[in-house]
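So the structure is just underneath, and the comments pick up after that.
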Amino acid sequence: MFSKNKNTSKLDLEQHELLENAQKRVRQKKRLYTHFVVFLVGSVFLVLINKILKYGQEYNWFIWAITFWAFLFVLHIFNVFITNKFMGQDWERSQREKLVQKQKERIAAMEKEMEREHELQAPIEIEPKKKLL
C-alpha cells in the first residue's frame, strides 16, 4: 500500500547500467578525439624538429615516427568503434549469463553429489528393543 512498486528497482538498475555504459562510451570517444589532436600537434612538432631545428637532418626520421604513431592511432580507432560493437555491453551481458548458468549447473551437480554421499553414509537405524510384558 505505502511501498513503491517493486519493479522500479529493476528499472533503476537497468537505467543505471545504461547510464554507466553511455558514460563509458563518451569517455572512450573523448580519449580518441584527444589522441587525434595530440597526434596532429605531435606530428607537426616532429616535422619542425627534423626540418627547422635540423635535428637528424640527413635523414627524414619523422616519417617513421609519424607512421608508427598513425598505426597506434588506427588501433585506437579500431578499439573504440569496431571492437566495442562486437564486444560491447550486449556481448558482456551474454558472457556473464553463460558463466552464471555454468556456475548454477556446477552447484546443482555438487549438491546432487553431496546428497548421494549423504545417503550412502547415513547410519542404519536399528529399531529399539521392545519390552516384553
For the hydrophobic clusters of this structure (ILVMFWY residues joined by side-chain heavy atoms under 4.5 Å, transitively), does one cluster hold both [X] and [Y]?
X	Y	answer
L48	W69	no
F62	L53	yes
V80	V38	yes
I63	L40	yes
V37	I66	no

Pairwise distance [atom1]([X]) to [atom2]([Y]) - rounded to 0.5 angstrom:
X	Y	atom1	atom2	value
L75	T83	CG	OG1	9.0 Å
Q101	K104	CD	NZ	6.0 Å
F36	F39	CZ	CZ	7.5 Å
L13	L18	CG	CG	9.5 Å
E20	H16	CD	NE2	3.5 Å

Electrostatic pair E113-R116, nearest N-O below 4.0 angstrom =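 So E113 pairs with R116 through a salt bridge.
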
Can you list the steps and then say if Q103 with R106 is a side-chain hydrogen bond (donor to acceptor under 3.5 Å, both in side chains)?
-> CA-CA 5 Å; Q103 288 175 349; R106 287 180 183 167; over 6 Å; no

So do R31 and R27 actually touch side chain to side chain, heavy atoms under 4.5 Å?
-> yes

Does some side-chain heavy atom of K98 sit less than 4.5 Å from a side-chain heavy atom of K102?
->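 Contact flag for K102/K98 side chains = no.
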
Report, as yes or no, whether the 6.0 Å neighbourhood of atom CZ on F45 holds more than 12 heavy atoms from other residues, nucleotides or ligands.
->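 Count not over threshold, so no.
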
Do R25 and Q28 have side-chain atoms, one donor and one acceptor, less than 3.5 Å apart?
->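 Yes.
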
Begin with the C-alpha distance, continue with both residues' side-chain angles, and end with the deciding distance and a verdict on side-chain contact (heavy atoms from CB on, under 4.5 Å) for F73 and L32.
-> CA-CA 8 Å; F73 182 67; L32 179 67; 3.8 Å; yes

Do any N or O atoms from the side chain of N60 and from the backbone of V47 form a donor-acceptor pair under 3.5 angstrom?
-> no

May I ask you to decide if the ring planes of H35 and H76 are parallel, tilted or perpendicular, using 30° and 60° as cut-offs?
-> tilted

